[in-house]
Amino acid sequence: MPYDAFAEFRMGGHNVIVTGAAQNIGAGIAKILSGAGARVMIADLDGDKAGETAAAIEQETGNRCLGMTCDVTSLADIEALVAATAKAFGGISTLVNNVGWGGRHEDPAAIPEDAFIAAYKLNTISAYRMSMACLPHLLRAENATITNSGSFSSAAPAYDILAYGTAKAALNQMMISLAHMLAKKVRINSVLIGTVMTAGYGSAGIDKAMQEKLRHPDNLTGRPGRPEDVANAMLRSSVRLVFDIDAASPAKPPGPAVSGMLLGEISAFPVLYKDNRSLLTAIVGAGFGGYSDLNAWFGNPQLFNAHNLLAGHLPGKSTAWAEGYAELGLGGASQLWGSPYYAFGALTGLFSWSLGQDIFRDDPRGFLDFEKAYAGLLYVDPENRKNNLKLSIGRQSYTLNDGFLINAVKGSTNAGDRGGLYLGPRLTNDFSVLAQGNSGAWSYNVFYIDPNELEQLESDTTFLGANLKYRFGDDISADATFVTIPTSKSTYANPFGLKLEREGLNTIAGHGLWANAFKLPGVWLEAEAAHQFHPDQDISAWAYYGTVGYIAKSTAWTPSLSYRYAYFSGDDPTTRRYERFDPLLSTGLGVWLQGVSFGKIASNSNLQTQRLQFNVAPNDALNLTLDYYWLHAPELNNLGSNPALATLTSHDLGQEVALSARWSATKSLYVQALVSYAMPGAALRNIGAGSDWTTFQLSLYGGF
């Protein structure tokens, strides 16, 4: 997976409560976390203001944000807030105890006792009650955190805010203790805030004269703090303190100096060794699937597999089989001598198998080979972590954008003796070199790929390309791609018997994505167009698509609906120019595999498709998708496809409907279920493939 410098700051899937967030610092925190993808509940004594702030944040970020009245010194209000948040969002993963206040008293002997009691109730006891009320939900959440708005006055002389400062000091000590008591379950942090200028400071006695003191040379910033300074610190405390590089992560202070299974800590699994600069981890993965097809190959498997080198005993009217895999290896990363450079790599072996009659053969089959085998170097700008460069070489996977031209699924083959036809465990290229990075609003990818093809189908085809992307703010991005084929033994079939070499083919493409299009939250537009040409052959081919979609982020189950039209040119037999689009490494279940059944006989060449997709997420772990595909061939000349469809009698290929479910059962277990019903069009019925093809698939993936 390409390195994402923003990944550690994203909070998609998190459900957050921020107390005292109707305005000032709290509102800034709520806005930052919402902008990072979280669903946020704003709690405040002023419920009307909380609702107004929440509505404004949701309008700006497009992520669900609610407001609610809550007096954090009232246990009943706290319990009502927690129950309402859990019901609205489906859980709670992050709590920000932001509420805090204290009056000023210049004479310590004149501080009323009730002022001390009130300071502790508001600044200390309320945070404890909120934390304990949320704890049952936090313990069920992934990466749960509690972050507190502390005060610099808790660690320095408080002078005229003695009651407030000591209450905040008690908050610090309480949270340090809770952090130890809840270690490995909930992470707890406090941000010690200095003077931050907000509207609220006027009533606290911070007048213009006092503000001038903040410009003293001892104040290194030369200015008072701003709400966004605190908000960004809160974001940093509410996300994972790591960033992933495939199986390995650079070291992450703070933490134990040295730990891991190699030191006898069995509970650290899969971490073998970790210190503040290095990490070595075991990579353990396994999967199992059960599959059944009715009327495979539209009821005529012999027709489509008469010349297939992978075919053995073919299925009858119905068939069922099992597949599985196991992967084992090591991954690691290490910071180099305290520099901004990190070395990383992974080495794994994978055994995959199939047992029973699948759509090609019925003999037991299994295959053991390397899967991951790569090494790399990562540079992260110490001044701005968003700027980075990652270089890697070896057996690794790669997908460009959404897989329209290059998808990791095509980087390897799961068929024949390898087994795992539907489970698809193998994703890495035989060999590749990748350079990926970000600089400001720009991101770039340079890649060389030698796919892991089956030996009996080896074409020696390689791909060399580059992609350059620019983000125009948060909602709009555009990128351009160039891909060439340096080597290949393949040629293109054409009506004139010309030897048209695949080697040397060039592809140029432009892609754009517009989220919240026309300032309509949840609406998105996406389009891409690609042109292929050859310097030595008369080749000119086109492919393009356009998508319009809408996601109702503030509605239960966050339903989304999208429509996509896609076109891949075919070869016009009335011209000597070759116009059939080469799909390169295009595919991807639910993306550029145009139906799980039709994808077996129709590649992204000489193809028009319309896809209607509806998706709901009943909770953060479950996702349900309904896809409808309509497939049409632009040209009746279909040379280059399955020989049974080399010449079509109709442009109508057929239709397919698929329902899929994806469930993250636990952090380490992922379940995917699918049922698809494909209806052949006239082009298939006219050649004797007239039965509807139904497939049932259930796949389980686990890993550490």
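For the ring-ring contact (aromatic ring centres under 6.0 Å, His included) with Y545, the qualifying choice from Y563, W592, Y567, F581 is W592, the only one to do so. Just one residue in the list Y422, W353, F696 forms a ring-ring contact (aromatic ring centres under 6.0 Å, His included) with W321, and that residue is Y422.
Ring-centre distance between W630 and Y565: not below the 6.0 Å cut-off.
Partners of D417 by salt bridge (charged side-chain N to carboxylate O under 4.0 Å, His left out), not counting sequence neighbours, listed by chain and number: R361. Legend: residues meeting salt bridge (charged side-chain N to carboxylate O under 4.0 Å, His left out) with D582, ordered by chain and number and at least two apart, are R502.
N438 and R471 share no side-chain donor-acceptor pair at under 3.5 Å. If you check the side chains of N15 and S93, you find no donor sitting under 3.5 Å from an acceptor. Between H511 and E526, the side chains place a donor N or O and an acceptor N or O closer than 3.5 Å (distance only, hydrogens not considered). Side-chain polar atoms of S676 and E656 form a donor-acceptor pair below 3.5 angstrom. No side-chain donor from either of R426 and T413 sits under 3.5 Å from a side-chain acceptor of the other. When only modelled atom types and interatomic distance are considered, E528 and Y544 share no side-chain donor-acceptor pair under 3.5 Å. When only modelled atom types and interatomic distance are considered, N429 and N452 share no side-chain donor-acceptor pair under 3.5 Å. For the residue pair N295 / D692, no side-chain donor-acceptor distance below 3.5 Å is found, with atom types taken as modelled. A donor-acceptor pair shorter than 3.5 Å cannot be found between the side chains of E371 and T348.
Between R365 and D358, at least one side-chain N (NZ, or NE/NH1/NH2) sits under 4.0 Å from a carboxylate O, which counts as a salt bridge. Taking a cutoff of 4.0 Å between a charged side-chain nitrogen and a carboxylate oxygen, E327 and K372 qualify as a salt bridge. A salt bridge links K31 with E60; the closest basic N to acidic carboxylate O contact falls under 4.0 Å.
For the pair M41 and L81, the minimum side-chain heavy-atom distance is below 4.5 Å. With contacts defined as side-chain heavy-atom distances shorter than 4.5 Å, the pair I449/I406 qualifies.
The closest donor-acceptor contact from the side chain of N623 to the backbone of R662 lies at 3.5 Å or more, if one exists at all.
Screening residues 597-624 for salt bridge (charged side-chain N to carboxylate O under 4.0 Å, His left out), with sequence neighbours left out, gives R39-D620.
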